[in-house]
Amino acid sequence: MKIFNVQTKLADFYFSIENLEIEQNKIHALIGANGSGKSTFAKVLMQMISLEKGNIDYQGLQSQDIILASQKPYLLRDTVFANIIYPLKIRHYPINIEEVDYYLNLFGIFDKKNVYARQLSSGQQQKISIIRTLIAKPKCIIFDETLSNLDIESISIVKNLIQNLHIKEKTCFILISHQLSSISNLVDKYHFFAKGKHIISCELQGLVNSPLESVKQYMALQSFV
């Protein structure tokens, strides 16, 4: 995807990108402080926010090819199983029950399959959101702080899934995170935002050596640097 001269306004929050490319063959990260525009950008890509100016070239990607898994997932008032297969139903994709069961077992929640999803803990609900996203097999997955409510074992599982799907299925991942140390072993390219504006896109070393004051201040707070 290529983003050109994008501008929009939400209440008193201004958001802008001059030029940014999301390459399909890379794992990307959107980084920056709270309120910098990371989640706004994800919603812009999902066409959940209208643009006042600019253009996004999706390069052949259709709306069903991009899925967002948010930090606070929206769950239907239904069972875990019904929630997981929902994206398949609305896309008229075949439902592979064995695959659903595989993911439920992988995340240790198979016994919750027929439980109402909203009765589960926040961590378990996050697992449902992740499974629901993966089961639809989109070409691009956006994880918005999706690892934040997970235990260490589950974080490791998700990271392995990201790496495997990226290599085997060429899935593009966009990870939104406050803490670089939690994703630095996955990411190929970082996109730094500050105060609603895209500042720079580069590899990790570019962030570490950046002369930009906003980037330097952000990196000074990162525990692994």
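Keep in mind that the numbers below use all heavy atoms, side chains included, and drop hydrogens, waters and symmetry copies. FYI, the numbering just counts along the sequence from 1.
More than 12 heavy-atom neighbours from other residues, nucleotides or ligands sit within 6.0 angstrom of CD1 on I90.
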Sequence neighbours excluded and cut-off under 3.5 Å, please list the side-chain donor-acceptor pairs for residues 131-140, or say none.
{"residue": "R132", "atom": "NH1", "partner": "Y74", "partner atom": "O", "Å": "3.2"}
{"residue": "R132", "atom": "NH2", "partner": "Y74", "partner atom": "O", "Å": "2.9"}
{"residue": "T133", "atom": "OG1", "partner": "S129", "partner atom": "O", "Å": "2.8"}
{"residue": "K137", "atom": "NZ", "partner": "E99", "partner atom": "OE1", "Å": "2.8"}
{"residue": "K137", "atom": "NZ", "partner": "E99", "partner atom": "OE2", "Å": "2.5"}

What donor-acceptor contacts under 3.5 angstrom involve side-chain atoms of residues 155-168, with partners at least two apart or in another chain?
{"residue": "K159", "atom": "NZ", "partner": "S182", "partner atom": "O", "Å": "2.7"}
{"residue": "N160", "atom": "ND2", "partner": "S156", "partner atom": "O", "Å": "3.3"}
{"residue": "N164", "atom": "ND2", "partner": "N160", "partner atom": "O", "Å": "3.2"}
{"residue": "H166", "atom": "ND1", "partner": "T171", "partner atom": "O", "Å": "2.9"}
{"residue": "H166", "atom": "NE2", "partner": "N25", "partner atom": "O", "Å": "3.4"}

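Every pair passing salt bridge (charged side-chain N to carboxylate O under 4.0 Å, His left out) that includes a residue from residues 113-122 is listed here, sequence neighbours excluded: D101-K113. Sorted by first and then second residue, the pairs that involve residues 197-220 and meet ring-ring contact (aromatic ring centres under 6.0 Å, His included), not counting sequence neighbours, are F192-Y218, F193-H198.
F173 and F143 have tilted rings, their planes meeting at an angle from 30° to 60° on a 0 to 90° scale.
For N209 (side chain) and G206 (main-chain N/O), no donor-acceptor pair under 3.5 Å exists by modelled atom type. In this structure, the side chain of Q24 engages the main chain of K170 through a donor-acceptor pair within 3.5 Å. Between the side chain of K112 and the main chain of Q124, no donor-acceptor pair closer than 3.5 Å is present.
Side-chain N/O atoms of D144 and S70 include no donor and acceptor closer than 3.5 Å.
The side-chain contact (heavy atoms from CB on, under 4.5 Å) search around K189 returns E23, K26, H28, H191, S201, not counting sequence neighbours. Not a single side-chain hydrogen bond (donor to acceptor under 3.5 Å, both in side chains) links Q7 to another residue, sequence neighbours left out.
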